[in-house]
Structures are given as C-alpha cells and as structure tokens.
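Note: hydrogens, waters and symmetry copies are ignored here, and every other heavy atom, side chains too, is used. Since we're looking at a predicted model, the values are computed, not measured.
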Amino acid sequence: MKKSFLFSAAVLAFLGLNLRAQDISFDSLYNGTAGINAIPAAAPAPSLAGREPVVITVSGLDFGEIGCGPFDVDHLRKLFNFFFPKKDYNDIDLVNAVVSFNKDRFLLENGEDNAGPDQHAARLPDNYLEAKIAETPEYAQNKITLVPFIWSRDPEDSAKAAQEFEQKLIEVHETYKNRPIHILAHSWGTVLIHETLHRVSLSHPEIKIERLITAGSPLVPGNAVVRLFRAIEINHAHFLKDVSKPANIGTWKNIWASRDPYSNAIPAADSNAQIDSDVENVEPALIDLILHNKALKKLAEHDLIKIRNFGDWHFSYILDYKASLESIHKDIFVPVFEPLIAPQVVEFADTQKTFSPKP
C-alpha cells in the first residue's frame with residue numbers, strides 16, 4: 001500500500017451507516033431532517049438481476065465551524081497537520097504566508113482580513129450529499145440504495161476513523177453482496193476514503209468498489225496551497241508520493257476546479273474533469289478596474305472575491321456555481337452535479353468492471 005499511515009493518523013471518523021434518503025429532499029437541507037440508524041436492509045432488485053448500485057456518500061468538512069474566508073489560516077493549519085503530523089513548522093511563518101497570499105490574490109488593503117462571506121459559508125447539514133442524490137430520477141425509481149458514512153466533519157476527530165470506516169465498508173459489502181458499490185466523496189472525505197480503501201484492499205481483498213468519484217479533493221492540493229506550503233518547506237512531491245489508486249477500485253474519476261485551492265487533478269485517478277476550464281478568465285478585467293477605475297474599484301473588488309472565492313467553488317460540485325459580476329455586467333453559471341457527478345453516481349449496467357490498479 002503506497003498510501004502512508006500519515007493519512008490514517010488524521011482520517012476522519014465516519015459513523016452511522018443508515019439514511020433512508022427517500023425521506024429527504026434537497027429543500028430539507030437546512031431543517032436538519034435525516035434519520036441515521038443502522039445499515040438499511042437490502043431490498044429485492046426489480047431490474048438487472050440485483051445490479052442496482054449501492055451508493056456510499058462521504059461528506060466534507062464543516063466549513064461553518066472551521067471558517068471559510070478568502071483563505072482561512074485555521075483551515076490551512078489543519079490541512080497541514082493532517083498530512084504532516086510529525087513535521088514541525090513555525091506557525092508565524094504560515095500565518096504570514098496566508099496574509100500575504102490573501103493580499104495578493106484578493107487585492108486586500110492593509111488591515112483587511114475578510115473580503116466578504118462565502119455564498120455557502122454557513123454549515124451545510126451532514127446529509128447534503130445524500131439529499132442531492134435523492135433528487136435524481138434513478139433514486140426516485142428505487143434503482144439505487146444510499147448508505148451515508150456519517151462523521152463529525154472535524155478533522156481533529158480523525159484518530160479512530162480508519163478502523164471505524166473500514167469496518168463499515170465491510171458491513172456494506174456483506175449486506176449487499178453482488179451489488180456494485182459506488183462511492184461519492186467530497187472534500188476532506190476523499191482523503192478518508194482513499195486511506196480506507198487501501199486498508200480494506202489489504203484486510204479484505206475480496207471487496208471491490210466499482211466506482212469512486214472524488215470532488216474537491218485535497219489529496220493533491222491546488223498550486224496556491226502548495227505555494228503556501230513552500231514557506232514551511234513542503235512541496236508538490238510530498239503529496240503525490242502518497243497518492244495511488246487502491247487495488248479494489250474499478251474506476252476512479254476526480255472532479256476539480258483550478259479556482260478551488262483545495263483541489264487539483266490527481267494523476268493516480270483514471271480520469272480528471274476540471275469544472276472551470278471553460279469559464280472565461282475575467283480576473284484581468286476586474287484587476288484592471290481595481291487598479292485604474294476609482295468609480296468601479298469597490299464593485300470590482302467584490303466581484304474578484306466572488307470569482308476567486310475558494311468556498312463557493314469548493315461547494316460548487318454539489319450546488320453548482322453561480323456569480324453575477326456587476327462591475328463588468330457578466331453572469332456566470334457552471335452546472336456541475338447533474339452533468340458531471342450524478343451520472344457517475346447513479347447510472348449502472350449489468351456488467352462487471354475490471355479491477356486493475358493504476359501504476
């Protein structure tokens with residue numbers, strides 16, 4: 001297993017494998033309705049001889065508690081401690097690097113440390129992935145079964161996660177024998193599932209996962225984060241050496257955005273899809289207004305935060321991305337979940353995948 005135990009020391013705790021998502025709609029995200037008990041009983045399959053997928057969901061961090069400003073120091077610190085728990089660094093150097101990054105990227109004035117809230121800075125409930133999947137026609141037709149892996153969504157609760165998550169995955173396999181398992185993981189959850197799958201591939205090599213879909217994964221952070229880590233002598237190679245395709249994965253698709261500093265293309269994945277590759281590069285026009293147009297300066301500053309705000313892009317994999325840039329009279333809409341993620345999660349066929357780990 002190439003994935004080192006550095007990850008498992010900080011892997012997030014996933015608890016409670018039961019959520020009957022037919023009782024959930026995405027409209028209920030903010031009223032907290034979600035039942036979490038035991039693994040749901042396997043229902044008889046009406047079509048394709050029991051080949052309907054079992055979809056495991058692994059949510060990301062609780063940004064409402066951790067913070068989601070232009071670029072958050074506490075978030076970055078936890079990310080660093082997660083990947084490199086034994087490496088010492090000067091906290092002042094990290095703080096100074098983040099402050100400098102914020103000024104350069106968001107053109108903040110001296111003394112400014114927050115250029116406005118993220119669109120999705122408020123805490124999303126634990127069931128945000130399941131609720132979105134429950135909107136798909138395939139789920140409404142009872143063609144899939146949802147099994148969420150629930151955790152505290154705080155990276156500091158990670159010590160016991162690997163063992164618990166590994167056991168839950170074994171239970172899912174035993175409960176739904178012969179049915180394909182798809183996994184959708186977002187944000188920090190992708191790091192946990194990566195470690196767990198490597199562990200399971202050794203402890204239970206008979207368990208196979210047909211599809212792994214990762215979105216906004218910090219397994220290979222974006223260039224912006226890597227530049228910050230260079231200030232404390234961490235480079236891109238430190239991340240890449242620990243990321244490999246688990247042997248029990250049929251197909252791994254990774255979805256990322258260049259404007260989401262906590263995501264990147266992952267070479268070990270079978271395919272990578274960049275969601276903002278076709279988004280017009282509007283930053284130069286906004287920066288020109290900030291520097292040379294006093295009348296539109298403040299409006300352009302606000303628009304620059306919108307288009308570069310990592311929080312909005314980090315949630316766009318599930319909620320899509322929308323921005324109205326008033327200073328240049330431009331609306332941007334990037335649909336992500338329905339065209340890119342949902343088909344990977346819910347579509348299925350009566351065929352077995354070939355499991356061949358990517359070198």
J.: Report the residues that fulfil salt bridge (charged side-chain N to carboxylate O under 4.0 Å, His left out) with Glu280, sequence neighbours left out, ordered by chain and then residue number.
T.: Lys330

J.: Ser327: which residues meet the side-chain contact (heavy atoms from CB on, under 4.5 Å) condition with it, sequence neighbours left out?
T.: Leu286, Leu289, Leu299, Ala300, Asp303

J.: Which distance, rounded to the nearest 0.5 Å, do you find between the OG1 of Thr251 and the CG of Asp270?
T.: 5.5 Å

J.: What residues, two or more places apart in sequence or in another chain, satisfy side-chain contact (heavy atoms from CB on, under 4.5 Å) together with Gln344?
T.: Ile213, Lys253

J.: Could you work out, with side-chain hydrogen bond (donor to acceptor under 3.5 Å, both in side chains) as the rule, every residue matching Thr190, not counting sequence neighbours?
T.: Ser217

J.: Check Glu283 with Arg259, please: is the shortest side-chain N to carboxylate O separation under 4.0 Å?
T.: yes

J.: If you apply the rule side chain to side chain contact (heavy atoms under 4.5 Å, CB included), what do you find for Gln274 with Asp276, and how did you get there?
T.: CA-CA 6 Å; Gln274 181 183 345; Asp276 61 343; 3.0 Å; yes

J.: State plainly whether the residues Lys297 and Glu301 are in salt-bridge range, i.e. N to O under 4.0 Å.
T.: yes

J.: Heavy atoms, side chains only, cut-off 4.5 Å: are Ile144 and Ile133 in contact?
T.: yes

J.: State plainly whether one hydrophobic cluster holds both Ile275 and Trp256, where clusters connect Ile, Leu, Val, Met, Phe, Trp and Tyr through side-chain heavy atoms under 4.5 angstrom apart.
T.: no

J.: Can you name the side-chain hydrogen bond (donor to acceptor under 3.5 Å, both in side chains) partners of Asn293, sequence neighbours left out?
T.: none

J.: Charged N to carboxylate O under 4.0 angstrom, Asp312 versus Lys306?
T.: no

J.: Could you tell me if the ring centre of Phe337 sits under 6.0 Å from that of Tyr317?
T.: no

J.: With Glu326, which residues qualify under salt bridge (charged side-chain N to carboxylate O under 4.0 Å, His left out), at least two apart?
T.: none

J.: For side chain to side chain contact (heavy atoms under 4.5 Å, CB included), just list the numbers for Trp188 and Arg153, CA-CA rounded to whole Å, side-chain angles, deciding distance to a tenth of an Å, and then say yes or no.
T.: CA-CA 8 Å; Trp188 208 277; Arg153 300 174 64 194; over 6 Å; no

J.: In plain terms, say whether Glu138 and Lys143 are close enough for a salt bridge, that is, a side-chain N and a carboxylate O under 4.0 Å apart.
T.: no

